[in-house]
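Before any comments, here is the structure.
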Number of protein chains: 2
Amino acid sequence: MRSTSPTGVQASSSSHDEPSFIEAARRAQIIECAIEAIADVGFARATLAEIAKRARVSKGVILYYFDGKDDLIRKVVESVYLIAAEFMLPRLEQQPTVRDTLHAYIESNIAYMAERRIYIIALVEIFGGFRDRDGVSKFRPGGHDYMNSHLVELLQSGQQSGEFRDFNAGAMAFAIRASIDMLPPALANDADFDIKGYAKELVTVFDLATRNQAGAKRKKVSS
Amino acid sequence: MRSTSPTGVQASSSSHDEPSFIEAARRAQIIECAIEAIADVGFARATLAEIAKRARVSKGVILYYFDGKDDLIRKVVESVYLIAAEFMLPRLEQQPTVRDTLHAYIESNIAYMAERRIYIIALVEIFGGFRDRDGVSKFRPGGHDYMNSHLVELLQSGQQSGEFRDFNAGAMAFAIRASIDMLPPALANDADFDIKGYAKELVTVFDLATRNQAGAKRKKVSS
DNA sequence: CTAATATCTGACCGTGCGGTCAACATCTCC
DNA sequence: GGAGATGTTGACCGCACGGTCAGATATTAG
């Protein structure tokens, strides 16, 4: 490994401290196996030994490439967020109205969950089970909060444009995220869950809940 | 303890195997301390030693009254559900319409969470962290499912009475429960959460999402 | 080929868990 | 007041965890 190497000179492939081919491959493999293990047996039982077994290496290899289990878990979360962003963002940018953007938000988020089931299950496992030495301190490195504030802004912009009615944007965002985030446990426990049907119903629910008047005429309530 | 006593004859207080005063008090105390411990330091760190310390007894006492940690946890869940049912059911029965019942369902559920914060936090901790020896098998002894199916029936009866529009009742119930069940973690992490405002917004959201037509005239869409 | 470096293993350690147990303390009733 | 049931303790056990480490093995440079 290069992290503590005394000199900058080492591998042949390049002059600076670019990770070797093996290092990059191993890191990716271990992260992938960690995700599978966590999604498969749960965070508590996803021990280093379990992850190592799935990667067909010894436990020491994991500690060789990562600074302990905490570091590995953080890299796992990083990796999942990165892929999620790559999946969702392009789908949001090309929507003409805020209303369409909200629909795309819900559907692309759920579509990502369907496509990368175990990634999301692993994330939920980590958020639920990854405690620091003291009490309640969880993880959530701005990830959840970031998604939440992004959604709040989206809703508020819809209110300003007049597309949405006058609701509590924070509460609405919370309900939307809750309706999406409770999906992974359901997917884990019920293989027959109608995920596409659920996405469709959710879009309808939050369209009805957010829109400014049905098809009626009055533009603003006085009192 | 009475569970393995060879003869049916024992305590003086009564002729049958009614638990003694001490036994009933200790069981209740230990369950209460377990709830506090789980809500306070999380399921993973709520060890028998931790619970025993809070009850000011030795670890052995817990194993004397409960058949291991699993048994204790099950009794904790039982206890919380019992109290929740006692709190909510009376509030639901006296509602005139299905729509009012749904509103009462949401508001009483959230009110219970606000009143017995640590009970609900403990429940969520248990559901998230209580794994059996093998993989994913969680807990949920019909509790969640029961609440869910009860809600589904409520929604369907509203559709039959014409109060509600024609939505997927399972999906709607899931979204409602998700919007409620995501509350405890938020309450645990954010002491300033506006819980009453959230309850109010939720009622509005799912009123708009479920009701049959806004205030318009057409009673049924042809296509 | 050889030396240096990168990679990898398996044995080992300390810790903290759930659970057991023999012994001790307290209560209860005749 | 003493026998037996009930309640309680603290020492102890086996286990599995995350992590360490000396050294074996592969890879590369010169």
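Source: prediction; values computed, not measured.
Side chain of A/Y65, nearest nucleotide from D/dT9, C/dC8, C/dC17: C/dC8. Nearest nucleotide to the side chain of B/E23, out of C/dT9, D/dG7, C/dG18: D/dG7. Closest to the side chain of A/V61, from the set D/dT9, C/dC8, D/dT8, is C/dC8. Minimum atom distance to the side chain of B/L48 is reached by C/dG19, of the listed C/dG19, C/dC17, D/dG19. For A/S58, the side-chain atoms get nearest to C/dT9 when compared with the rest of D/dG19, D/dT9, C/dT9. Across C/dG18, D/dT20, D/dG7, the shortest atom-to-atom separation from the side chain of A/L63 is found for D/dT20.
Taking side-chain N and O atoms only, A/Y64 has a distance below 4.0 Å to OP1 or OP2 of C/dT7. Dashed line: the shortest gap from a side-chain N or O of A/R45 to OP1 or OP2 of D/dC17 is not under 4.0 Å.
Summarising the geometry, the separation between CG on B/D70 and P on C/dC17 is reported as 16 Å, rounded to the nearest angstrom. Between A/Q29 atom CD and C/dC8 atom C1' there is a gap of 13 Å when expressed in whole angstrom units. Whole-Å rounding puts the A/F66 CZ to C/dC8 P distance at 12 Å. Distance CD1 (B/I62) to P (D/dG7): 16 Å, rounded to an integer number of Å. In this entry the distance linking NZ of B/K53 with P of C/dG16 reads 12 Å, nearest Å. The distance between atom CD1 of A/I51 and atom P of D/dC17, rounded to the nearest whole Å, is 11 Å. We find that CZ of B/R27 is positioned 14 Å from C1' of D/dT6, with the value rounded to whole Å.
A donor N or O paired with an acceptor N or O is not found under 3.5 Å between the base of C/dG10 and the side-chain atoms of A/K59. Between the side chain of B/K69 and the base of C/dG19 there is no donor-acceptor pair of N/O atoms closer than 3.5 Å.
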B/R45/B/E50 under side-chain contact (heavy atoms from CB on, under 4.5 Å): CA gap, chis, key distance, verdict: CA-CA 8 Å; B/R45 290 173 54 84; B/E50 173 68 29; over 6 Å; no

Step-by-step side-chain contact (heavy atoms from CB on, under 4.5 Å) determination, A/K75 to A/R27: CA-CA 9 Å; A/K75 297 290 164 55; A/R27 293 183 100 101; 4.1 Å; yes

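Projected onto DNA chain D by closest heavy-atom contact, A/G60 and A/A49 fall at different nucleotides, the more 5' of which corresponds to A/A49.
Both the sub-6.0 Å distance and the 45° axial angle are satisfied by A/K69 relative to the ring of A/F43.
Under the 6.0 Å cut-off for aromatic ring centres, A/F174 and B/F193 qualify, their centroids lying closer than that.
A donor-acceptor contact under 3.5 angstrom links the side chains of A/E32 and A/Y119, judged on distance only.
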